[in-house]
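Here the structure comes first, spelled out in structure tokens, and everything after it is commentary.
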Amino acid sequence: MESIGEQSTGHHFIHQRIAEDCAAGRYEGRVHTRFPPEPNGYLHIGHAASICLNFGMAEAFGGLCNLRFDDTNPIRETSEYAESIMEDIRWLGFDWGDRLFYASDYFEQLYQLALELVRAGKAFVCDLSIDEIRAHRGTLTEPGRESPYRDRSIEENLALFQGMRAGDFPDGSKVLRARIDMGSPNLNLRDPVMYRISRARHHRTGDSWPIYPMYDWAHGQSDSIEGITHSICTMEFEDHRPLYDWFIEQLGIHHPRQIEFARRNLSYTVMSKRHLLRLVEEGHVAGWDDPRMPTLSGMRRRGYPSGGVREFCERIGVGRRENTVDISLLEHCIRQDLEGRALRYMGVLNPIKVVIENYPEGAEEELEGPLHPTDSSFGSRVLPFSRELYIEATDFMEDPPRKFFRLGPGREVRLRYGYFITSKDVVKDPDTGAVVELRCTYDPDTRGGQAPDGRKVKGTIHWVSARHAQTVEVRLYDRLFSVSDPTDVPEGGSFLDHINPDSLTVIHCPVEPALRTLEAGAVIQFERQGYFCVDREDSRPGAPVFNRTVTLRDSWKGGAGGEKA
RNA sequence: AGCCUGGUAGUGUAAAGGUAGCACAGCUGAUUUUGGUUCAGUUAGUCAAGGUUCGAAUCCUUGCCGGGCUGCCA
């Protein structure tokens, strides 16, 4: 407000609020954020946006960002999940340095702080059962009723809470509650539970704690303990902020500023843990890292470059309203990243044989093609050429529309980095009438793809020499769902009803021999088709398996339906 | 129903009382040995109604529509 000049425009509201705080000298101008996942699942693209936000804000203001696992519910959390989360964050390109923390690191401090609240008469031990607590809580429109244990003496509460910690009571028999206001219109303030008794074994503290703090109690204090200045979280915690403020004020400890933003949804996919879990458990996908999953491990396996994912997270911005980002923006960012660095090769996904009638039988030669069309530093590879080739079946039409630039009866096209060929005749299956082979002639003077007489052709198609081709497995991935919002289902329906039956097509097809030497993880483009990566799990030396990362843009209107122009 | 919160092109996001802009998507065209890339152009928007003001996406009022909240989950 008094610092209008510092409020640079064009930045999102979180950036602006942090800038305001810095300009006003809050937190001595320090900026310290944190990414606080619960280690009970895999990270997805929504988490990536949050990671970019937290690490990004710290970086933008010369601050720090911690990684803290909010591991307060041992029955759902494991170290394996924590490991995969760390791997994903590193893959995205962020570094938490030596600031890896766990809420469980603070169990003792949290316990001491709770004791402080008990001594101040601000927390009490409650013997009500789960159902009774629920019944006492009231509803959205009616106030709650106070627990009959609410007015226990401080001494009694102290003894009871220490007894809980010592393991004197059975699981679920008592809880520690904050003593706030059962009449508050904000349900979070109706004497919320701070601790429950549970003998569950914790992935880090083992069996040393029979009580575990609730998220609402642990989270804010953990942020405070770490000296976090800006606690960035999603909108559903907005109603919890008054509770976090209350705890901090009662305790008189460091008070971070919480800023909420709306979580991002992506079209043609689902993002909730519940939905993703169901896809995995019911076998609709091959696992959490299935290339069709919106998880970071899935995207990584599919070949999405982390730089493209980060760029996407930047470009979707941050807001406070419900939103659904168009998946085409993600695909755009991925293509943009890949365009400059994917090596170009040729592979024929849906082959049809071509015989060059005027090319000597048994002869062959080596042609050369650059590995990148504009960046010569990538070098080139050898392309063996012979009398029999494979081309894409969709690159030939017996009765082509006017705007079809590819092969048709009597038409001439260029074989990329090869020769001009002209279609002369077709061979058909006597039973089905389907075209099974093309008979063509080539022009020996067009070697490399250029005609000395200056003659032009409209189309350039990719090809592979049949004799030299290697057959490889290619997995053509498409969107997992066929509708923009899979969760929008009629009464009694399921998001599973919208699964795209063609989200994965596995084919075995001829590719150029140079591909044999590619290493797992390599990123390439099959020219005119799309970007692919060599699968890290299933590829073998000399036998790469390709995952289609994303198709190339296709602005040919006749592409899909063969529309006559 | 009570409390909290939000509504800007198809989608996402800027504009903090002063020309409604950017990106993706769409559409045109140019270039092109990928119908790719690149380049140029273009379609399309302030939820509604009142009010304040010389001037409102922005401030006020009312209405409409959306999201969140009744775990010993996070």
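These numbers were taken from a predicted model, which means no experiment stands behind them. Labels below follow one simple rule: chain letters A, B, ... track the order of the sequence lines, proteins then strands, and each chain is numbered from 1.
- A salt bridge links A:Arg479 with A:Glu331: the distance from a Lys NZ or Arg NE/NH1/NH2 to an Asp or Glu carboxylate oxygen falls below 4.0 Å.
- In this structure, A:His462 does not reach the B:U34 phosphate: none of its side-chain N or O atoms is under 4.0 Å from OP1 or OP2.
- Side chain A:Asp554 to base B:G35: no donor-acceptor pair is found below 3.5 Å.
- In terms of heavy-atom proximity, A:Pro400 sits nearest to A:Phe404 at CB-CD2, 3.6 Å.
- Here A:Glu527 lies in heavy-atom contact (under 4.0 Å) with a base.
- Heavy atoms of A:Val193 sit under 4.0 angstrom from primed sugar atoms or phosphate atoms, though from no base atom.
- Across all strands shown, A:Arg335 has no heavy atoms under 4.0 Å from either base or sugar-phosphate atoms.
- Rounded to the nearest Å, the gap between the P atom of B:C54 and that of B:C22 is 32 Å.
- Within the 4.0 Å cut-off from OP1 or OP2 of B:G35, at least one side-chain nitrogen or oxygen of A:Arg528 is found.
- Separating the C1' atom of B:A23 from that of B:U62 is a span of 36 Å, rounded to the nearest Å.
- Rounded to a whole angstrom, the distance from the P atom of B:U61 to that of B:U5 is 14 Å.
- The base of B:U70 does not come close enough to the side chain of A:Arg134 for any donor and acceptor atom to sit less than 3.5 Å apart.
- Under the 4.0 Å criterion applied to side-chain N and carboxylate O atoms, A:Asp395 and A:Arg528 are assigned as salt-bridge partners.
- Between A:Thr72 and B:A74 there is a side-chain N or O to OP1 or OP2 distance below 4.0 Å.
- Using a 4.0 Å heavy-atom cutoff across all strands shown, A:Tyr212 reaches no nucleic acid atom at all.
- Comparing A:Phe237 and A:Arg320 by the nucleotide of RNA chain B that holds the closest heavy atom to each, the one mapping nearer the 5' end is A:Arg320.
- Here A:Arg137 lies in heavy-atom contact (under 4.0 Å) with sugar-phosphate atoms only.
- Among the protein residues, A:Pro36 comes within range of no part of the nucleic acid, since none of its heavy atoms lies under 4.0 Å from any strand.
- Between A:Arg553 and the phosphate of B:U37, there is a side-chain N or O to OP1/OP2 separation shorter than 4.0 Å.
- Across all strands shown, A:Glu38 has heavy atoms under 4.0 Å from sugar-phosphate atoms exclusively, and none from any base.
- A gap of 34 Å separates the C1' atoms of B:C3 and B:G10, to the nearest Å.
- The pair A:Glu238-A:Arg320 meets the salt-bridge criterion, since a charged nitrogen lies less than 4.0 angstrom from a carboxylate oxygen.
- Looking at heavy-atom distances under 4.0 Å, A:Glu331 makes no contact with the nucleic acid at all.
- Distance check on atom C1': B:G6 versus B:C47 gives 12 Å, rounded to whole Å.
- Among the heavy atoms of the strands lying under 4.0 Å from A:Gln525 is at least one base atom, whether or not backbone atoms are also near.
- Look at B:A23: its Watson-Crick or wobble partner, with both distances under 3.5 angstrom, is B:U11.
- For the pair A:Thr460 and B:U32, the criterion of a side-chain N or O lying under 4.0 Å from OP1 or OP2 is not met.
- When both pairing distances are held under 3.5 Å, B:C39 makes a Watson-Crick or G-U pair with B:G29.
- Two rings, from A:Phe526 and A:Phe532, have their centers less than 6.0 Å apart.
- At the heavy-atom level, A:Gly172 lies under 4.0 Å from base atoms of the strands shown.
- In terms of heavy atoms, A:Pro37 sits closest to A:Leu67 at CD-CD1, 3.9 Å.
- Within the structure, every side-chain polar atom (N or O) of A:Arg190 is placed at least 4.0 Å from both OP1 and OP2 of B:U70.
- Across all strands shown, B:U5 is found opposite B:G66 as a Watson-Crick or G-U wobble partner, with both distances under 3.5 Å.
- Judged by distance alone, with hydrogens and angles left aside, the side-chain atoms of A:Asp337 form a donor-acceptor pair with the main-chain N or O of A:Gly308 at under 3.5 Å.
- Nearest-nucleotide mapping onto RNA chain B: of A:Leu415 and A:Asp239, the residue sitting toward the 5' end is A:Leu415.
- As judged by a 4.0 angstrom heavy-atom cut-off over every strand, A:Ile316 is placed among residues touching the sugar-phosphate backbone only.
- Nucleic acid contact class of A:Phe404 (heavy atoms, under 4.0 Å, all strands): base.
- When the C1' atom is compared between B:A9 and B:A14, the two are found 14 Å apart, to the nearest whole Å.
- Salt bridge status for A:Arg344 with A:Glu339: present, with a side-chain N to carboxylate O gap under 4.0 Å.
- Using a 4.0 Å heavy-atom cutoff across all strands shown, A:His12 reaches sugar-phosphate atoms only and no base atom.
- Annotation: B:A1 and B:U13 have their C1' atoms spaced 35 Å apart (nearest Å).
- Comparing the P positions of B:A20 and B:C24 gives a spacing of 23 Å, expressed to the nearest Å.
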